[in-house]
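Positions are given from 1, in the same order as the sequence printed here. Fair warning: this is a prediction, and the values are worked out from it, not measured in the lab. Worth knowing before you read on, the calculation uses all heavy atoms, side chains too, and leaves out hydrogens, waters and symmetry mates.
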Amino acid sequence: MSESEKGVHEEVSELETKSTTAARLFDIRRIIGGLFTLYGVIVTIAGLTASDADIDKAQGVNINLWTGLGMLVLGLFFLAWLKLRPTAPPVTDEE
């Protein structure tokens, strides 16, 4: 194998590694889980600080609290799914 072939092979290996890292970083489960968790925290705090007038508007149900808790559960589910079943790296021809 010549020097130029070795250089190309190393460059391809490096690009494959970067591609795998980028695919894992932008996994849709990470984005959905992060957003639902963030919004869940915000809405839960809004539910915990709701006034009696706000609760009366929703016919006695603290809708912000229940919605926030639901969003938190969903967001944490997506993040746990990402942790337990990570994205498999792409298989190359050489392997």
- [ ] Just do the side-chain contact (heavy atoms from CB on, under 4.5 Å) check on Val61 and Trp66 with the steps written out, would you?
- [x] CA-CA 8 Å; Val61 178; Trp66 288 109; 4.1 Å; yes

- [ ] Check the pair Leu82, Phe78 against side-chain contact (heavy atoms from CB on, under 4.5 Å), reporting the backbone distance first and the verdict last.
- [x] CA-CA 6 Å; Leu82 177 68; Phe78 271 95; over 6 Å; no

TODO: Would you check, one step at a time, whether the test side-chain contact (heavy atoms from CB on, under 4.5 Å) holds for Ile31 with Leu35?
DONE: CA-CA 6 Å; Ile31 296 167; Leu35 285 174; 4.1 Å; yes

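In Asp56, the CG atom is crowded: over 12 heavy atoms of neighbouring residues, nucleotides or ligands sit closer than 6.0 Å.
Under the 4.5 Å side-chain contact rule for hydrophobic residues, Val43 and Leu74 share a cluster. At a threshold of 4.5 Å between side-chain heavy atoms, the hydrophobic network of Ile, Leu, Val, Met, Phe, Trp and Tyr places Leu79 and Leu69 in two separate groups. Residue Leu84 is not grouped with residue Leu76 when hydrophobic side chains (ILVMFWY) are merged at heavy-atom distances under 4.5 angstrom, including chains of intermediate members. Residues Tyr39 and Phe77 fall within the same hydrophobic cluster, defined by Ile, Leu, Val, Met, Phe, Trp and Tyr side chains chained together at heavy-atom separations under 4.5 Å.
Taking CD1 of Ile32 as the reference point, atom CH2 of Trp81 lies at 8.0 Å (rounded to 0.5 Å). Atom CZ of Arg30 is separated from atom NZ of Lys83 by 9.5 Å, given to the nearest 0.5 angstrom. Between Phe36 atom CZ and Met71 atom CE the span is 5.5 Å, to the nearest 0.5 Å. Annotation: the span from Asn64 atom CG to Leu48 atom CG amounts to 10.0 Å, rounded to 0.5 Å.
When all heavy atoms are compared, the tightest approach of Gly68 to Thr44 is C-OG1, 3.1 Å. Between Ile63 and Ala58, the closest heavy-atom pair is CG2-CB, 4.3 Å.
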